[in-house]
Amino acid sequence: MNSLNLSSTQIRNIAIIGVLLIVGGFIIGLLTPSLFPAQASAEAPLIDNLFQTMLIIGGAIFLLVQGLLVYSAIKFRAKPGDTSDGIHLHGNTTLEIIWTAIPAVIVTVLTILSWNVFNIMQAPKDDELVVHTTAARFNWAFAYDAPLSLVEAQGVDIANLNLPDNVKADIADGTLTIASTELHTYANRPVRMDMQSRDVIHAFWVPVFRVKQDVIPGRTTTVRFTPTLPNDPTNAESWYPVKCTELCGAQHGAMVAYTVVHPDEASFNAWMSERMMGVLFPPPDPVERGFQLLSSNIYPCYTCHIDADLAEFNWNGNVGPNLTVVGDRAVGTRANATGLSGVDYLTQSIHEPGAYLVPGYGNLMPNLGISDCDTRAIVAYLCTQTASGEPACTIDTEAYAAQCTAGAPPGAPGAEPPASAPAETTPEAEATAEATPGS
Ligand code: CUA
């Protein structure tokens, strides 16, 4: 006889029910993963196995609790006409020890398993590809330290290029900063994301990689993964979504980027050196360069602004003022309101977004640290955004070409650097050079 006073028949029934619960837990745990997306990283099987273990245990507990609920509702329901109270129970020490001890063991085992997986995932790997990641309402920006050897191998003589000062400062450590709105990686190279937020808490999540990490203002958080399943770099339909999983404002649900997993290092390097050539040899016409910068979405402007001429490049944000005829406004109503010339007003709006707020819009735009040359190119392009199509301001294109371009790339027709040296940059440009995501 035991302290619960169970008969041998009751013990047998409890054993049968226990086996059924365990079988049911396994069925739930084994069937549910068929709903998951592909496993595209080395970490995905670890996470899925851990989650499956939790599902099996959770499934058995779910069946136990729901089964007892249904059983009790039928078995112990009040008889017709019975309005008496239920019997008074003062508890059962043996039962309470059992139902405390079993969950304690389960939680301890799951803690050990989770800790183990967490440690494996967070352990530094050899030769990690570091991706500097910036989250801001409502977009993701990725930046790479691209080794100069990639373009030197294509015949570019870096030392003799006539580069703007912010680019010179950037390459002093032997790497050029390459910015991208897509996350580029390649199969089987470990990745480390160093992530910062410009404003509020965001969270980085790539479902196919099974990695998720908060991005917190004022600190750098990291997450590591090794992509294993390449997609097609030329087909955006195949790219893996990066999502924000922390409610960060009105456009939180639209805060999506895409991950390109190149099949090998050669494909990744080809993409990177093409981007490097674009930075080292930008077009000498500032309007053309401004269009290139804005249509590449290298800066997150498109997530908050509309510009009809850039509509095909996702310029459909509705958080900031519409830029479709901003050139007219810059030299018209804004010039009257601010007392600045069109060029100065647009430049100020980029570097000090809060200095003058367009009526009806809040102070939401961050200073993106856009370099002097990129700012001049963007302003030159915005000046062409007029109802008539005629530029609203006068831009010294020769001075821009001399100060902001290094000539044509090797092998291009008429390849020779401009004769004049780059002019002194403003203190502001120097201050932002380090922080420039790409210039
Ligand atoms: Cu960023 Cu939600």
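Note that ligands are numbered from 1 as they come in the structure, with each ligand's atoms numbered from 1 the same way.
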*F118 and W115 aromatic ring geometry - parallel, tilted or perpendicular at 30°/60° bounds*: parallel

_Pairs involving residues 238-319, ordered by first then second residue, that meet disulfide bond (SG atoms under 2.5 Å apart) (sequence neighbours left out)_ = none

*Carefully, step by step, assess L346 and V326 under the rule side-chain contact (heavy atoms from CB on, under 4.5 Å).*
CA-CA 9 Å; L346 291 171; V326 70; 4.0 Å; yes

*According to the interplanar angle, ranging from 0 to 90°, do the rings of Y345 and Y356 count as parallel (below 30°), tilted (30 to 60°) or perpendicular (above 60°)?*
perpendicular

*With under 30° as parallel and over 60° as perpendicular, where do the rings of Y240 and F209 fit, or are they tilted in between?*
perpendicular

*Tally of protein N/O/S atoms under 2.8 Å from atom 2 (Cu) of ligand 1?*
4

*Would you call the rings of W140 and F204 parallel, tilted or perpendicular if under 30° counts as parallel and over 60° as perpendicular?*
perpendicular

